[in-house]
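Written below as structure tokens is the structure these notes are about.
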Amino acid sequence: GGGIFPLPSSQFEASHNIVLEVSLRCNLVVSSPTMIIPYFPDVKGVSILGGLGYATANEVRTARWEDNLVAGVANDIFVRNNLGEGASGNIVEPP
């Protein structure tokens, strides 16, 4: 749910959404995302988030990733259920 810069804990809300069959394949990301790193230093060039900001009760089901090169590292993908102080009850479910 939501993430508008420069507010890393977005003022927008997203609740009770379900995203199915996410597939990230053969992506090339040259560098890390510089705009959000000061707020969330663990975030990568490819990130799968259940919720950001004030998002609640969202689900990402059966997320798959393969053959991605992120800042020179194979499949260096950031996965987090909740990101930001207001996010809660969100789930990222790998296959």
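Just the heavy atoms: all of them, side chains too, but no hydrogens, waters or symmetry mates, feed the values below.
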Please list every donor-acceptor pair under 3.5 Å in which a side-chain atom of residues 88-95 meets a protein atom from a residue at least two apart or in another chain.
| unit_1 | atom_1 | unit_2 | atom_2 | d |
| --- | --- | --- | --- | --- |
| N90 | OD1 | A57 | N | 3.3 |
| N90 | OD1 | N58 | N | 2.9 |
| N90 | OD1 | N58 | ND2 | 3.1 |
| N90 | ND2 | A55 | O | 2.9 |
| N90 | ND2 | N82 | OD1 | 2.7 |
| N90 | ND2 | S88 | O | 3.3 |

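Under a hydrophobic-cluster definition in which Ile, Leu, Val, Met, Phe, Trp and Tyr are linked whenever side-chain heavy atoms come within less than 4.5 Å, directly or via other members, V60 and I77 are assigned to the same cluster. A continuous path of ILVMFWY side-chain contacts below 4.5 Å connects V43 to L52, so both sit in one hydrophobic cluster. Residue V22 is grouped with residue V79 when hydrophobic side chains (ILVMFWY) are merged at heavy-atom distances under 4.5 angstrom, including chains of intermediate members.
For P33 against G45, the heavy-atom pair with the smallest separation is CD-N, 3.6 Å. Residues G51 and A87 share a closest heavy-atom pair of O-CB, 3.7 Å.
Here the side chains of D42 and R80 are in contact, with some heavy-atom distance below 4.5 Å.
Judged purely by atom type and a 3.5 angstrom limit, N68 uses its side chain to pair as donor or acceptor with the backbone of N27. Formation of a donor-acceptor pair under 3.5 Å by the T62 side chain with backbone atoms of E21 is found in this model.
When the side-chain hydrogen bond (donor to acceptor under 3.5 Å, both in side chains) test is applied to S47, no partner is found at least two apart in sequence or on another chain. Applying the side-chain contact (heavy atoms from CB on, under 4.5 Å) rule to V29 yields the partners V46, V70; only residues at least two apart in sequence or on another chain are considered.
Atom-to-atom distance recorded for L49:CG and N81:CG is 9.5 Å, nearest 0.5 angstrom.
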